[in-house]
Amino acid sequence: MEKNIILMSDSYKYSHSAQYPNKMTYMHHYIESRGGRYGYTQFFGLQYYLKKYLCQPITQAMIDEAEEIMRMHGLPFDRVNWQYILDTHKGYLPLRIRAVPEGSLVNNHNVLLTVENTDQNCAWLVSFFETLLLKIWYPCTVATLSHSYQRICRKFLQETAESFDALPFMLHDFGYRGVSSEESASIGGGAHLINFKGTDNVSALLFMRQYYAAEMAGFSVPAAEHSTITSWSKAREAEAYANLLDKYQDSVISIVVDSYDYYNAIGNIFCKQLADKVKQRKYPLVVRPDSGDAITNVLFACEKLAEAFGATRNQKGYLVLNNVRVLQGDGINENSTWDLLKALQDNGFSVENLILGCGGSLLQGNFDTSINRDTHRFAMKCSCVITDGKLVDVYKAPITDKGKVSKKGRLDLIWDGEKYKTINIDHLPLNQYAENSMMQTVFENGKLLVDWNLADVQQNAQRYQPQVTK
């Protein structure tokens with residue numbers, strides 16, 4: 001049996017249908033970012049939750065199972081209302097969900113999606129799926145962080161490179177092993193792939209293939225890990241590197257070089273002992289320092305590699321290494337990225353010489369990054385109901401926290417020529433929205449109405465490009 005979507009809610013939600021006002025026939029909820037780390041949010045991931053969960057109809061077996069679980073759990077179960085949905089709507093959820101196009105970058109404090117009931121007997125259902133729908137905070141947060149890296153990389157490429165050709169591969173997802181679950185790896189890794197093409201996260205490829213029609217969303221290359229070097233022993237370190245250069249002559253090869261003496265590996269083994277093998281390669285060699293001070297190590301590699309293999313000065317006056325690159329995959333965050341790229345620029349190297357690898361901090365968060373619901377202060381709130389035939393704007397306004405004041409009324413999103421703006425549309429009939437609305441009805445009565453592919457999502461991201469500041 002498919003996962004029971006009736007059991008995908010917080011425990012207290014099961015008692016709520018009896019708590020709402022009598023004769024309530026309509027409810028309107030919205031999701032927004034109430035601020036947080038950035039001034040904008042990149043919207044992504046809703047389509048996954050719709051396709052995987054909300055598009056499946058509930059069944060009699062689901063209702064029976066949910067009733068049994070809730071009874072044992074100590075909570076009431078509204079069997080009558082769930083049975084009504086099964087009998088009247090063949091199990092499909094009588095909800096309408098409208099959302100901004102996936103990939104869009106929307107200023108904080110604006111509505112990102114709205115949820116309404118389409119059956120007057122099911123107003124209670126709108127709030128029930130808050131628990132599931134609010135999980136879009138995760139792909140949105142990862143996408144926004146990934147986009148922040150893209151903005152930083154784009155700035156320095158614009159200043160030190162002749163094109164943006166290197167941009168899609170400047171940040172590589174190393175985060176598969178650093179997340180809490182396979183689903184997190186898939187969703188978060190997919191969010192990264194709307195901004196970059198480099199990944200070692202295979203689950204993200206399958207996610208984008210299944211839910212966003214991307215035949216192949218990301219790419220990688222053969223690469224060494226420490227065990228493939230150290231298994232040769234320290235005395236045969238040069239042989240280990242030579243083996244890789246020989247085995248992978250027909251592709252890019254990435255080699256970790258800090259298993260022992262990083263400076264000897266770069267300055268002596270690659271730049272002297274194996275220099276001829278490197279020069280004869282058709283495809284680039286990527287060397288990867290993995291420990292120590294990133295700026296010191298990257299600059300050392302660039303300087304030694306330039307001396308050994310040459311570098312071309314581009315039209316902007318910066319050096320581009322000949323057929324070699326450097327990959328820094330340790331300690332990467334937004335601040336270290338900025339500092340690394342600035343150090344390259346200050347020392348006369350184009351930033352296209354450097355590839356960045358980001359692990360769990362990209363998909364899970366660590367000391368330097370924040371990946372949680374409060375990063376962007378995501379919330380889903382009720383803003384409007386109809387009770388006894390009267391439309392009432394509802395909101396919360398706690399005097400103890402003005403940051404949690406919620407919006408009122410039926411809501412829509414427009415573009416005012418400079419930025420997104422949330423507006424009240426109480427004056428319009430329930431099935432009508434702003435003429436210039438930036439939102440689309442993506443789900444209605446159990447059916448997906450808009451099916452974004454990866455190319456669509458990436459194109460949507462071009463609508464709004466905030467300026468990079470530090």
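The pair Asp250-Lys282 fails the salt-bridge criterion, with no side-chain N (NZ, NE, NH1 or NH2) lying under 4.0 Å from an Asp/Glu carboxylate O. Using a cut-off of 4.0 Å between Lys/Arg side-chain N and Asp/Glu carboxylate O, Lys381 and Glu32 are scored as not salt-bridged. Salt-bridge formation is not detected for the pair Glu159/Lys342: no Lys NZ or Arg NE/NH1/NH2 atom is positioned less than 4.0 Å from an Asp or Glu carboxylate oxygen. Ion pairing between Asp258 and Arg288 fails under the 4.0 Å rule for side-chain N and carboxylate O. Taking 4.0 Å as the cut-off between side-chain N and carboxylate O, Arg98 and Asp412 count as a salt-bridged pair.
Checking Ser104 against Asn460 by side-chain atom types alone, no donor-acceptor pair falls below 3.5 Å. Side-chain atoms of Asn195 and Gln42 form a donor-acceptor pair, as typed in the model, at a separation below 3.5 Å. Checked by atom type, the side-chain pair His172/Thr199 shows no donor-acceptor distance below 3.5 Å. At a cut-off of 3.5 Å, with distance as the only test, no side-chain donor of His192 or Asn201 sits close to an acceptor on the other residue. No side-chain N or O of Thr312 forms a donor-acceptor pair with one of Asn314 less than 3.5 Å apart. Counting only N and O atoms by type, the side chains of Ser291 and Asp330 include no donor and acceptor under 3.5 Å apart. One side chain, Ser181 or Ser184, offers a donor N or O that lies under 3.5 Å from an acceptor on the other.
Counted within 6.0 Å of CD on Gln459, heavy atoms from surrounding residues, nucleotides or ligands total 12 or fewer; the atom is thus considered open. In this structure, Lys404 places its NZ atom where only 12 or fewer heavy-atom neighbours from other residues, nucleotides or ligands lie under 6.0 Å away. Open room surrounds OH on Tyr248; 12 or fewer heavy atoms of other groups in view lie less than 6.0 Å from it. For Lys51, the NZ atom is densely surrounded, since the number of other residues' heavy atoms within 6.0 Å is greater than 12.
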Practice prompt. May I have the step-by-step check of side chain to side chain contact (heavy atoms under 4.5 Å, CB included) for Lys304 and Asn268, ending in yes or no?
Written response: CA-CA 9 Å; Lys304 291 298 181 182; Asn268 183 32; over 6 Å; no

Item to complete: For the pair Thr41 and Val106, evaluate side chain to side chain contact (heavy atoms under 4.5 Å, CB included) and give the outcome as yes or no after the intermediate values.
Response: CA-CA 5 Å; Thr41 297; Val106 181; 5.6 Å; no

Worksheet entry | Step-by-step side chain to side chain contact (heavy atoms under 4.5 Å, CB included) determination, Leu54 to Leu133 | CA-CA 10 Å; Leu54 294 191; Leu133 290 172; 3.9 Å; yes

Discussion item. Checking Glu183 against Lys52 for the salt bridge (Lys or Arg N to Asp or Glu O under 4.0 Å) test, could you report, in this order, the C-alpha distance in whole Å, the side-chain angles of both residues, the deciding distance, and whether it holds?
Written reply: CA-CA 12 Å; Glu183 190 175 34; Lys52 185 172 179 64; 5.9 Å; no

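Between Tyr14 and Phe128, the ring center distance clears the sub-6.0 Å criterion. Under the 6.0 Å cut-off for aromatic ring centres, Tyr318 and Phe349 do not qualify, their centroids lying 6.0 Å or more apart. In summary, the aromatic rings of Phe219 and Phe196 are positioned with their centroids too far apart to meet the 6.0 Å limit.
Taking the six-membered ring for Trp and thresholds of 30 and 60 degrees, Tyr48 and Tyr53 have ring planes more than 60 degrees apart, a perpendicular arrangement. By the 30° and 60° cut-offs, the orientation of the rings of Tyr212 relative to Phe207 is tilted.
Stacking of Arg34 on the aromatic ring of Phe378 is not recorded, the 6.0 Å distance cut-off and the 45° axial limit not both being met. Cation-pi geometry between Lys447 and Tyr92 is met: the NZ or CZ atom falls under 6.0 Å from the ring centre, inside 45° of the normal. Cation-pi geometry between Arg96 and Phe443 is not met: the NZ or CZ atom fails to fall both under 6.0 Å from the ring centre and inside 45° of the normal.
Side-chain atoms of Val126 and His28, non-hydrogen and from C-beta on, never get closer than 4.5 Å to each other.
Between Leu319 and Ala311, the shortest heavy-atom contact is CB-CB, 4.1 Å.
Panel note: side chain Ser9, backbone Phe129; no donor-acceptor pair is recorded below 3.5 Å.
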